[in-house]
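As structure tokens, the structure follows; a few thoughts come after it.
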Amino acid sequence: MRILFAPMEGLTGYTFRNVHHRLYDGISEYFTPFLAIRQTRKWKTREIKDIDPINNQGITVVPQLLTNNADDFIWAARNLAAMGYAEVNLNLGCPSATVVTKHKGAGFLGDPGALDIFFEKIFEELSDEISISVKTRLGLSHASEMTGLLRIFNRYPIKRLIVHPRVREDYYTGPIDLDAFQMVLENSVNPVVYNGEINSVEDYQKIIRDFPHLNEIMIGRGLIRHPDLAERIFGITTDSEATQRFFTFHDSLLAEYLNDMQEPDNCLQKMKDLWNFWTCDFPDRTREIKKIKKARSLDEYRLAVQFLQ
């Protein structure tokens, strides 16, 4: 089994990837937060840094693109190929309203005809230059939409179809639709990857029992909550090591953010954002967690974290 680390905007950039890769095993590939292609066809400085091969040495990274314009996708993919990337991923899953209203991300799923034309052009232009994978939801409003979408996906040599078995309107809540995922597995001519609600070893084992022929799974929030989750899945870590290693990870990440950002307030906010995920491992330490989230300076923050250890 290969585990892919799903991207999350604002959290899993190159600093996070490097520290995680250095301290934890079990991840085959890391996907970047999506790169939005603007009319100027210029990426922001932080996006350039995120995909710069210098900042991703020794890590297998797949850049993700967010666009509904075939020419823009082709331009970006060729630039990424020139940097040495072997694969680029199309985001058809982002449920954010600001993205969907522009008919991008999951919003692109609402216009299958335009999506088909988009695919036809990018695969015709790029087939000999770079592999293309797709991360998608089941549709906008109803899982039944995937039947028609899958007919489109099957027309093209998609390297892997990564499926989050919810529709856009579900966002990240509610049950995942495993029946719809089974339909995709049975009817896709391209390799299928499962993504969604794997937050524990037990979650992983259930998916593997239900879908024993899977070769790859993608995990996002579960790996942010529990950085050692892939190791736990593969049995290469123990509960007794988890807390100490987590704080080693935390301290290393804090140091790297300070080195990269050089702005203590920005670094503090980044760490607080991550604690929205990490609190689940400290259910009986409510008071200490509140102190972390209320910290107004890095000194206050460090002291609050010390009380948690």
Between [X] and [Y], is there a side-chain N and carboxylate O pair less than 4.0 Å apart?
X	Y	answer
D116	R155	yes
R168	E145	no
E202	R232	no
K135	E87	no
E197	K206	no
E300	K294	no

Test of ring centre spacing under 6.0 Å for [X] and [Y]:
X	Y	answer
H164	Y194	no
F108	F118	yes
F234	Y204	no

The criterion is side-chain contact (heavy atoms from CB on, under 4.5 Å); which residues satisfy it with D72, sequence neighbours excluded?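 In terms of side-chain contact (heavy atoms from CB on, under 4.5 Å), with neighbours along the sequence ignored, D72 is linked to I37, R41, T67, N69.
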Ignoring hydrogens and geometry beyond distance, is a side-chain donor-acceptor pair present between D273 and Q269 at under 3.5 Å? yes
How long is the span from the [atom1] atom in [X] to the [atom2] atom in [Y], to the nearest 0.5 Å?
X	Y	atom1	atom2	value
L90	L115	CG	CG	7.5 Å
M218	L223	CE	CG	10.5 Å
L149	L92	CG	CG	8.5 Å
F181	N195	CZ	CG	9.0 Å

For the residue pair [X] and [Y], does the interplanar ring angle fall in the parallel (under 30°), tilted (30 to 60°) or perpendicular (over 60°) class?
X	Y	answer
F282	F247	tilted
W278	W275	perpendicular
H250	Y301	parallel

[X] side chain vs [Y] backbone, donor-acceptor pair below 3.5 Å:
X	Y	value
D177	A180	yes
N18	Y14	yes
R160	V193	no

Take a 6.0 Å sphere around NZ of K159 and say whether it holds more than 12 heavy atoms from other residues, nucleotides or ligands. yes
Apply salt bridge (charged side-chain N to carboxylate O under 4.0 Å, His left out) to R38 and E47, showing your working. CA-CA 12 Å; R38 299 162 187 86; E47 293 172 326; 3.1 Å; yes
Identify, with sequence neighbours excluded, every residue that meets salt bridge (Lys or Arg N to Asp or Glu O under 4.0 Å) alongside R151. none
Residues which pass salt bridge (Lys or Arg N to Asp or Glu O under 4.0 Å) with D299, listed by chain and number, not counting sequence neighbours: R302
Is there a salt bridge (charged side-chain N to carboxylate O under 4.0 Å, His left out) between R17 and D50 once you walk through the steps? CA-CA 10 Å; R17 290 196 298 271; D50 200 47; 3.1 Å; yes
